[in-house]
Amino acid sequence: MPRGLSEFELIDSLRSRAAVSARLLEGIGDDAAVTAPDGFTVTSVDAVVDGIHFHRKWSGPESVAIKAVATALSDIAAMGARPGEVYIALGLPPDIDTSWVERLAASVVSVTEGAGAVLAGGDTVASQTLFLAVTVVGHAERTEDLVLRSGALPGHLIAVTGSLGAAAAGHLLLEHPQRGDSIAEDVRQALIARQLEPRARLAESRILAANGTSSMIDVSDGLAADLGHIAKASGVRLEVRAELLPVAGGVAEVAAAGSRTGEDLALAGGEDYELALTIDASTFEAARTELRAVGCELTSIGKVAEGEGVVITRGGRPIDTPAGHDHLS
């Protein structure tokens, strides 16, 4: 625990900042939170660890808070649920000062409430490595309002929100700053921001769910790997056309400096936290129009067929399916 700040002082600081909600009857400060949810709850647990998911040499406390909360909430977005409560277990090493922790706490509350959720509790422990283990709870009035990985059907389109490859390119720029020499500074900073401060597509996911999206997943481990989860859960084959991928601006240039392509980073880079989905062709245009109204593009990148696995083609010819991120490798 940082010198000059006790566990209970940190808890009091968080409690004084945290908002309340109609569902949260008792929050930070008691032995456990008490909620009165309506309908159905969706729960996910995620964690970020210094040196693996972020680096303090690159990330200030605000960026750490944003990444920790947003990546956890992205799992709620992938289900089409409304965000509700957030619980955080925080491991603090002794070399972090009180000011850093206070800024982290303020940012955790800010990003949580900015997403429409409330910080409802958690735990603090001393640790040799800084980490945040985040539990998020979402809500839905009906199970039919939720979107699972298992609903893809042959004939449906495969689509993805936003753009891909930016987070992986941003990570490469942080590791190898010289790779950004050929791109404009604003593009460079945008790529780095996608790595350090991702956002969850919460509002967009509910638009997609309302427009008949049949399956959905957030792109955290790389598009190819994450689509593989949909293919397996739905018992179908996903046929992706690499030339249709919405590769973010500047990604190809960064990738080329390392003898890779923009498509490589889009398919296997991971951490974009966009939504990959399948949707009936008859509702695709309506969904795209609604997403454009909130500033998000929806791109069709292929189709669902009978069979199994993920097949990626370029110019009609199959290419190797790149491996995504494995958290234990």
Side-chain angles (χ1 to χ4, degrees), residues 46 53 71 74-75 77-79 147-172 191 194-195 198 200-201 205 208 213-252 254-256 258-279 297-329:
D46 206 355
H53 305 95
T71 55
S74 186
D75 288 328
M79 304 292 289
V147 184
L148 309 181
R149 299 177 180 181
S150 55
L153 296 172
H156 283 190
L157 299 179
I158 307 167
V160 65
T161 61
S163 58
L164 301 170
H171 188 267
L172 288 172
L191 295 175
R194 286 283 297 274
Q195 168 58 222
R201 294 285 193 181
S205 75
L208 290 165
T213 293
S214 54
S215 68
M216 191 156 58
I217 191 170
D218 67 324
V219 182
S220 56
D221 298 331
L223 179 66
D226 289 321
L227 287 178
H229 298 316
I230 288 180
K232 183 177 181 179
S234 297
V236 295
R237 183 171 76 247
L238 302 186
E239 300 175 346
V240 177
R241 295 172 55 189
E243 61 268 25
L244 298 180
L245 294 173
V247 180
V251 170
V254 175
S259 301
R260 301 175 72 182
T261 69
E263 290 175 3
D264 291 336
L265 297 191
L267 288 167
E271 294 195 301
D272 284 312
Y273 296 100
E274 297 291 354
L275 297 172
L277 57 122
T278 61
I279 187 170
E297 188 58 62
L298 182 66
T299 304
S300 175
I301 60 172
K303 65 179 181 179
V304 183
E306 294 184 355
E308 60 182 20
V310 177
V311 176
I312 301 172
T313 62
R314 183 186 297 110
R317 296 185 177 183
I319 63 175
D320 290 338
T321 302
H325 178 70
D326 184 333
H327 294 275
L328 299 183
S329 296

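Nothing fancy with the numbering, it's 1 onward along the sequence.
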Looking at every non-hydrogen atom in both residues, tell me the closest pair between Leu191 and Gly249 and how far apart they are. CD2-O, 3.6 Å
With rounding to the nearest 0.5 angstrom, report the CG to CD1 distance, Leu227 to Ile217. 7.5 Å
Return the minimal non-hydrogen interatomic distance between Gly262 and Val247, and the atom names on each side. O-CG1, 4.0 Å
Does any part of the side chain of Ser220, heavy atoms only, come nearer than 4.5 Å to the side chain of Asp226, both counted from C-beta? yes
Rounded distance [0.5 Å steps], CD1 in Ile312 versus CD in Glu263: 9.0 Å
Would you check if Met79 and Met216 make a side-chain contact, meaning some heavy-atom pair closer than 4.5 Å? no
Closest heavy-atom pair, Ile319 versus Ala242, reported as atoms and distance to 0.1 Å, is CD1-CB, 4.2 Å
Between Thr278 and Val236, does the side-chain contact (heavy atoms from CB on, under 4.5 Å) criterion hold? Intermediate values first, please. CA-CA 11 Å; Thr278 61; Val236 295; over 6 Å; no
Quick one: are Ser234 and Leu153 in side-chain contact, heavy atoms under 4.5 Å? no
By salt bridge (Lys or Arg N to Asp or Glu O under 4.0 Å), which residues pair with Glu297, not counting sequence neighbours? Arg292
Just checking Arg237: does its CZ atom have more than 12 heavy atoms from other residues, nucleotides or ligands closer to it than 6.0 angstrom? yes
Specify the closest pair of heavy atoms between Ser163 and Ala248, including all atoms of both residues, with the distance to one decimal. OG-CB, 3.5 Å
Any heavy-atom pair between the side chains of Leu245 and Val240 that's under 4.5 Å? yes
